[in-house]
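Take a look at the structure below.
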There are 2 protein chains.
Amino acid sequence: MGDVARLAGVSAQTVSRVSNGFPGVTEETRRQVLAAMRELGYRPNSAARALRRGEFRTLGVITFSLSTMGNMRTLDAIATSAAREGYAVTLLPVAVPTQDEVNGAFSRLGELAVDAVIVILETHLLDAATVSLPPGVPVVVADSDAGDRYTVVDTDQAGGAREAVRHLLDLGHGTVWHLAGPEDSFAAQRRTNAWRETLTAAGRTPPPLVRGDWSADSGYRAGLRLADEPGCTAVFAANDQMALGLLRALHERGRLVPEEVSVIGFDDIPEASSFLPPLTTIHQDFAEVGRLCVEGVLGKMRRETSGHGTTLVPTRLVRRHSTAPPPNR
Amino acid sequence: MGDVARLAGVSAQTVSRVSNGFPGVTEETRRQVLAAMRELGYRPNSAARALRRGEFRTLGVITFSLSTMGNMRTLDAIATSAAREGYAVTLLPVAVPTQDEVNGAFSRLGELAVDAVIVILETHLLDAATVSLPPGVPVVVADSDAGDRYTVVDTDQAGGAREAVRHLLDLGHGTVWHLAGPEDSFAAQRRTNAWRETLTAAGRTPPPLVRGDWSADSGYRAGLRLADEPGCTAVFAANDQMALGLLRALHERGRLVPEEVSVIGFDDIPEASSFLPPLTTIHQDFAEVGRLCVEGVLGKMRRETSGHGTTLVPTRLVRRHSTAPPPNR
DNA sequence: CCAGTGAATGTTTACGTAAACATTCATTCG
DNA sequence: CGAATGAATGTTTACGTAAACATTCACTGG
């Protein structure tokens with residue numbers, strides 16, 4: 001900065017003013033400074049800036065390393081929204097979803113150049129971890145409950161699951177089987193609970209729960225079992241990948257979809273419309289979740305908002321061709 | 001730091017030594033300093049550290065916002081490898097793949113707290129952009145040619161495509177159709193070129209090219225056309241998503257896979273094994289690409305390596321059930 | 001027993017920037 | 001015509017850290 005100032009024949013402060021677009025600089029002076037900057041290839045040093053200003057203009061995102069599609073898309077939306085606000089996004093990958101790893105990520109975070117944190121993580125791992133967060137750092141949690149302890153932004157998991165089950169009941173199915181996600185996922189839990197409640201509220205008996213691990217393979221294995229259940233005419237899979245595996249298993253067992261068995265997914269991944277048959281599913285607005293996460297932490301940083309609470313992003317039923325009325329008996 | 005020093009009854013420099021794990025501090029003193037740190041909730045200020053040390057321990061990654069699966073997985077591997085080396089990863093999303101956007105990302109980068117840059121981007125967009133990169137910042141490019149101008153790490157696209165075509169020819173198919181990716185993608189180009197060359201080298205005539213845009217939908221539309229080609233018994237799709245759409249189109253048109261038509265994909269996405277039928281495809285090692293990218297920039301930063309060149313990560317044929325010998329005529 | 005040695009710790013300084021305050025100087029107005 | 005005004009620019013300082021150098025002091029060997 002000093003070199004630029006010398007070359008332009010001004011003081012360093014004037015260079016600073018130009019570099020920050022502050023008023024009170026003659027057009028003439030500004031041009032000279034800009035010319036000097038270009039000639040010397042000047043770049044403001046962001047470390048010095050951050051030190052001086054006390055902020056990094058950077059958001060940290062903690063998430064699992066080999067994460068799900070949905071998390072990736074949320075991350076993508078976060079990065080885009082943050083960029084629009086002039087913030088960069090720093091990734092804090094957690095290799096394995098264990099408490100130790102999460103604690104490690106949070107303690108690294110303590111030393112990290114970050115103004116706020118967005119967490120995309122299962123709540124139970126979060127509980128013990130947050131203690132090591134530097135106090136005063138705004139946090140928003142995606143994909144979790146804990147609205148009483150943190151600010152949470154999430155898809156309306158329960159609403160979506162309810163919509164899925166209702167759709168199948170409305171088509172005339174006596175009950176709806178459920179291919180659930182892993183036990184330790186809160187999103188999976190909420191979908192499962194909503195499934196059970198909707199069924200019970202409609203006076204139906206929930207069939208035994210079938211559990212997968214989000215992967216298409218686990219959906220396939222579960223599907224093999226479900227194909228042999230004679231009374232099974234409708235299945236609500238907790239995500240599209242498992243629905244894909246389910247579809248394959250039913251096909252291999254000669255069970256027609258949707259004529260004999262209806263299948264509905266959750267997420268609406270881009271490929272869902274190309275499944276065989278095209279999958280009816282619950283659309284999640286990941287972009288909106290990401291946007292609201294960024295809005296949330298920025299609001300906290302500007303002290304506009306405070307306190308906790310949960311913001312729910314609505315889902316949408318996408319009707320395609322994997323659901324139909326049950327076969328006549 | 002001063003407060004900690006005062007509380008521990010030592011100088012700030014000793015606090016610094018403890019905080020950096022330097023030798024030459026009595027165990028007794030160290031304990032006292034650590035206790036003071038804990039009591040005051042001291043966190044080293046990373047801006048000041050970066051300013052003092054001249055490095056941020058952060059890698060920048062430039063990539064498209066709504067990116068492909070593969071890019072996401074590469075990013076994931078980069079973040080993991082970087083974390084292992086003590087580096088954080090900052091994302092520089094490019095909203096739209098236009099020259100303007102890329103230029104914008106690069107100029108934001110100039111002010112960003114980043115020691116090196118990994119670019120996951122099509123080369124033609126890169127060419128005009130790099131000029132604005134601060135000189136001396138190590139760059140590694142993934143998923144691109146340009147080995148003469150940058151250090152490049154990439155999947156062996158040509159090798160993979162060759163393997164795919166050979167596999168189909170070995171099964172006895174007279175020729176292989178190709179469902180290509182978008183024209184402006186270099187990965188797609190290389191796969192297409194290798195397809196053509198392998199066919200020509202084997203003395204076969206390449207059928208007309210069918211083009212998609214990586215999406216399952218475009219694969220579906222292309223598949224509708226291919227289903228009506230009487231001579232078409234084998235198709236090499238440039239990625240698994242398009243293969244999925246292709247599978248659906250062929251199914252709808254009553255063309256059996258693999259009995260009548262063989263289909264091979266590229267990528268080996270986790271879902272590929274659950275397609276109908278499970279997809280034979282070319283496995284890409286995204287994790288290795290990411291790892292090598294990080295290794296590349298770190299090597300450059302330590303001045304161990306320099307100059308350009310391309311590192312190719314080998315692919316692997318994964319045989320599943322979407323390919324078979326052609327039907328007897 | 002004293003000079004010499006080296007480990008432990010302290011002091012000074014600079015990293016690049018921007019806020020706060022100070023100065024200059026042309027203009028305006030009574 | 002001189003004081004007052006305010007825009008343009010300059011000077012000083014502090015942000016938190018760590019490298020370089022300085023000091024202290026206990027201990028060793030001659």
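Naming: A, B, ... by sequence-line order, numbering from 1 per chain. For clarity, every value in this text was computed on a predicted model and none was experimentally measured.
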Once you round it to whole Å, what is the distance between C1' of C:dC15 and CZ of A:R43? 20 Å

Do B:T90 and A:T90 have a side chain donor and acceptor closer than 3.5 Å? yes

Out of D:dT11, C:dT17, D:dT17, which has the shortest distance to the side chain of A:N45? C:dT17

Return whichever of A:A12 or B:R30 has its heavy-atom-nearest nucleotide of DNA chain C closer to the 5' end. B:R30

Hey, are A:R73 and A:D76 close enough for a salt bridge, meaning a charged N less than 4.0 Å from a carboxylate O? no

OP1 or OP2 of D:dT17 versus the side-chain N and O atoms of B:R49: is any pair under 4.0 Å? no

Residue B:R52, side-chain heavy atoms: nucleotide from C:dA18, D:dT9, C:dA14 that is nearest: C:dA14

Given atom CG of A:D3 and atom P of C:dT17, what is their separation to the nearest angstrom? 10 Å

Length of the CZ-P vector between A:F56 and D:dG16, whole Å: 11 Å

The side chain of A:N20 lies closest to which of these nucleotides: C:dT17, C:dA18, C:dG10? C:dA18

Length of the line joining B:Q13:CD and D:dT24:P, which is rounded to integer Å: 17 Å

Specify the separation, in whole Å, of atom CE of B:M1 and atom C1' of C:dG10. 12 Å

B:R53 near the nucleic acid: base, sugar-phosphate alone, or nothing, with a heavy-atom cut-off under 4.0 Å? sugar-phosphate

Under 4.0 angstrom between B:T26 side-chain N/O and C:dA7 OP1 or OP2: no

Which whole-number value in Å describes the distance from A:E55 CD to D:dG16 P? 15 Å

Has B:T14 got a side-chain N or O lying under 4.0 Å from the OP1 or OP2 atom of C:dG10? yes

Do B:R30 and B:E28 meet the salt-bridge criterion of a basic N to acidic O distance under 4.0 Å? no

N-O pairing of A:R31 and A:E27 below 4.0 Å: no

note: A:R17, atom CZ; D:dA7, atom P; distance rounded to Å ~ 13 Å

Would you mind telling me which of C:dA20, D:dG16, C:dT17 lies closest to the side-chain atoms of B:A48? D:dG16

Does a salt bridge link A:E39 with A:R6, judged by any charged N lying under 4.0 Å from a carboxylate O? no

Comparing B:T29 with A:L51, nearest DNA chain C nucleotide closer to 5' gives the residue B:T29

